[in-house]
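Everything quoted here is computed from the prediction, not taken from an experiment. Proteins get letters first, then strands, A, B, ... in listed order; numbering begins at 1 in each.
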Amino acid sequence: MNQFLAQPQGETFELFYAKLMQWFDDNGRHNLPWKPQTQYTEAQNIYHIWLSEIMLQQTQVVTVIPYFFNFIEKFPTATDLANAEQEEVLKAWEGLGYYARARNLHAGAKIIRDKFNGEIPLNYQDIQSIKGVGRTTAAAIISQGFNRPFAILDGNVKRVMARITGAMHPEKQLEKVLLPFAYLMSAQNRPDDYTQAIMDFGATICSKNPKCNQCFWQSHCITYHYQKMDQIPAKKVKLIKKDIELYPVIIQNQNGELIFHQRTQETIWHNLYEFPHLDSHLNELEALFNTDNAKLLSTQELPSFKHVLTHINYEIYPIIIQVESYKDALQFNDQIYPWVNAETYTTYAKTKPTNDLLNIIHIQS
DNA sequence: AAGTCGGGGAG
DNA sequence: CTCCCAGACTT
C-alpha cells in the first residue's frame, strides 16, 4: 500500500480539535504536579515545567513523579539547582536513566542563572540555547508555561496524527510530514490545554494498543477504517543489540567496607559509581592484590543476572571477595582505591546493576 | 541519516 | 519475551 496521508482540511481538523478538547475536559489528566500552582512564584512554576519536561524525555509520567517531588524539594529554584554540586544532582537522578539529561539539566540551570537572571527565557530561540532542550521540549515549555501556541510533536502526537491521517511513512520521514499538522493544531484556541490534551489522548486512548471503542474519532479515523492500527505508525527499525559480559568484583574487608570505581569515560553511566570489573572471570584473583595492602581470604561467585539497555544486553557475573585489609586503600587493577564505608557509598550515585548487587549482598548478610 | 545514550511499564 | 515512552545530542 502507498504511504497515504490525508490532507489537513481545516473543517475536519477543527472538528477533531473541538472533540479532543471536550474529551480532555472530561477525561484528561488535570492534576499533574508540575502544572502551575499558586503557592509557587511564576519563575518556580516555569522551572517546574522545564524540569518535568527534561525528566519526561523517553520516560513515563508515573516514573517521573517521585523524582520530580524530590528535585523541587532539594532544588526549589533553577538557581538552587545551578549552585548544587554535580554529585548531588546525579544522586537525585540516580535510577532515572539517560544520565546525559542530568548533566544537561545542571548545565542548563547554570545558563539560566548566568545568562537569564535565574528565570527561564520566554522565546523559542533562547529556550533552545539551554542544554538538553530541543524542539519538542521547547514547544512543551512555551505552550504550557506561557499559554502560547507552539507545535507539539512528541511520540504520542506522532502516533495520533499518523493514525488520523493514515500516514504510513517510516519514522525518519514521519516527523517532517506531520509538522504542518502539528502547527495547524497548535494554532487553535487553548494552546496550553491542547498540548496536554493531545498527549493524554495519545497516552491513554490512541496508545500502542488503541482503545478505539472509547475514541471520539472512530468513525472518522482513516487507520480505523482500514483496520491498520498495528501498522500505523510504522514500526521503528529494530536495532541490533550488543551482548556484553561484565565481571564486577565486590571487594569487602573485615570492617564491611567496599571498593568503588567512578566511571569517567564519555559513554554510558558517565560519572556514576560501580564495582571495579575484571577482564574475565578466569583471572587469577590472587595475582591482582598487593599483599602489602590486603590478604585474600575468600571468593564466591554470585548468580549471574541480566541488565538490558537500549542497545546493549549485559550479562553480569559478579564475584564477592573477602579480604583482610592493612591500609586505608587497596591496589587493584593498577589503580589505588580507598575503602568506602556504607555511610559514604549510600550517597554515591551508582549504576542500576551496582545497586542491584548491593541489595543482593545486604539481603544475604 | 544513523548511532548513542537507561530504566521501567504494559501487553 | 517485545515494544516504546512528553527526545537530545553527536557524528
Side-chain angles (χ1 to χ4, degrees), chain A residues 28-29 32-35 48-68 90 93-105 107-108 127-145 150-160 169-176 182 192 194-204 206-211 229-231 233-242 263 265-272 274 306-314 349-356:
Chain A
R29 292 178 288 195
L32 294 175
W34 39 86
K35 293 293 282 185
H48 291 176
I49 293 170
W50 166 60
L51 173 62
S52 70
E53 290 300 334
I54 301 300
M55 290 182 164
L56 287 162
Q57 290 168 9
Q58 298 298 100
T59 308
Q60 295 184 346
V61 169
V62 290
T63 306
V64 162
I65 285 175
Y67 284 90
F68 174 80
L90 281 177
W93 199 270
E94 181 184 39
L96 197 53
Y98 283 120
Y99 298 92
R101 293 185 297 171
R103 300 199 306 277
N104 289 337
L105 182 76
I127 281 193
Q128 287 195 82
S129 75
I130 299 172
K131 266 198 162 301
V133 178
R135 184 185 55 74
T136 297
T137 302
I141 295 170
I142 290 175
S143 63
Q144 297 183 81
F150 270 92
I152 182 71
L153 189 57
D154 72 321
N156 282 316
V157 182
K158 283 181 203 169
R159 185 173 54 254
V160 173
H169 302 69
E171 168 68 20
K172 290 299 175 186
Q173 297 174 38
L174 185 63
E175 182 170 320
K176 187 159 53 174
D192 56 340
Y194 163 70
T195 299
Q196 192 63 51
I198 188 74
M199 291 192 291
D200 282 3
F201 178 66
T204 59
C206 200
S207 46
K208 187 181 66 173
N209 297 316
K211 301 172 176 65
M229 285 83 75
D230 60 336
Q231 296 174 40
K235 293 186 194 309
K236 290 175 184 171
V237 285
K238 194 176 173 186
L239 54 83
I240 300 166
K241 288 195 179 190
K242 275 194 263 185
R263 298 177 65 92
Q265 68 259 41
E266 297 283 344
T267 58
I268 61 171
W269 293 318
H270 180 75
N271 280 359
L272 270 61
E274 63 184 4
K306 298 180 193 300
H307 184 76
V308 179
L309 303 185
T310 305
H311 57 300
I312 299 174
N313 287 323
Y314 284 112
K350 299 174 285 293
T351 72
K352 177 64 164 58
T354 302
N355 275 319
D356 289 343

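- Taking the 5' to 3' direction, DNA chain C first and last meets chain A under 4.0 angstrom from a heavy atom at C:dC3 to C:dC9.
- Contact annotation for A:Leu239: no contact, since no heavy-atom pair falls under 4.0 Å across all strands.
- As judged by a 4.0 angstrom heavy-atom cut-off over every strand, A:Gly202 is placed among residues making no nucleic acid contact.
- Looking at heavy atoms from C-beta onward, A:Lys241 lies in side-chain contact with A:Val308 at the 4.5 angstrom threshold.
- Residue A:Ser207 is classed as having no contact, given no heavy-atom separation below 4.0 Å to the nucleic acid.
- For A:Tyr99 and A:Lys176, each mapped to the nucleotide of DNA chain B holding its nearest heavy atom, the one lying further toward the 5' end belongs to A:Lys176.
- No engagement by A:His270 is indicated, since no non-hydrogen atom pair under 4.0 Å with the nucleic acid exists.
- Scanning all heavy atoms of the two residues, the minimum distance from A:Trp34 to A:Ile49 falls at O-CG1, 3.6 Å.
- Between the P atoms of C:dA6 and B:dT4, the separation comes to 24 Å (whole Å).
- Two residues, A:Lys306 and A:Asn156, neighbour DNA chain C, and the one matched to the more 5' nucleotide by heavy-atom proximity is A:Lys306.
- For the segment residues 50-59 of chain A, the set of residues with a heavy atom within less than 4.0 Å of an atom of DNA chain B comprises A:Gln58, A:Thr59, in numerical order.
- Protein chain A contacts DNA chain B over a range whose 5' and 3' limits, counting nucleotides with an atom under 4.0 angstrom from a non-hydrogen atom, are B:dA2 to B:dG11.
- Under the 3.5 Å distance criterion, the side-chain polar atoms of A:Ser207 are left unmatched by any main-chain donor or acceptor of A:Ala203.
- A donor-acceptor pair is defined here as one N or O able to donate and one able to accept, closer than 3.5 Å; no such pair exists between the side chain of A:Arg263 and the backbone of A:Glu274.
- Using a distance-only test at 3.5 Å, with no hydrogens or angles considered, no donor-acceptor pair links the side chain of A:Thr63 to the main chain of A:Thr59.
- Nearest heavy atom pair, residue A:Ala234 against residue A:Pro170, reads CB-CA, 4.2 Å.
- Using a 4.0 Å heavy-atom cutoff across all strands shown, A:Leu32 reaches at least one base atom of the nucleic acid.
- Ion pairing between a basic and an acidic side chain is recognised when a charged N comes within 4.0 Å of a carboxylate O; A:Glu175 and A:Lys158 show such pairing.
- Across all strands shown, A:Val133 has heavy atoms under 4.0 Å from sugar-phosphate atoms exclusively, and none from any base.
- Within 4.0 Å (heavy atoms only), A:Thr195 reaches no atom of the nucleic acid at all.
- Across all strands, A:Lys352 comes closer than 4.0 Å only to sugar-phosphate atoms, never to a base (heavy-atom distances).
- Taking atom P in both C:dA8 and B:dG8, the straight-line distance is 22 Å, to the nearest Å.
- The six-membered or imidazole ring of A:Trp269 lies near that of A:Tyr314, with a centre-to-centre distance under 6.0 Å.
- Of the charged side-chain nitrogens involved, none lies within less than 4.0 Å of a carboxylate oxygen, so that A:Lys352 and A:Glu94 do not count as a salt-bridged pair.
- A:Thr310 comes within contact range of at least one nucleobase, with a heavy-atom separation under 4.0 Å.
- In terms of position along DNA chain C, the nucleotide closest to A:Arg29 lies nearer the 5' end than the nucleotide closest to the other residue of the pair A:Lys131 and A:Arg29.
- Side-chain contact between A:His169 and A:Lys176 is absent, with no heavy-atom pair separated by less than 4.5 Å.
- The shortest side-chain heavy-atom distance between A:Asn313 and A:Lys242 does not fall under the 4.5 Å cut-off.
- Judged purely by atom type and a 3.5 angstrom limit, A:Arg101 has no side-chain atom pairing as donor or acceptor with the backbone of A:Gly132.
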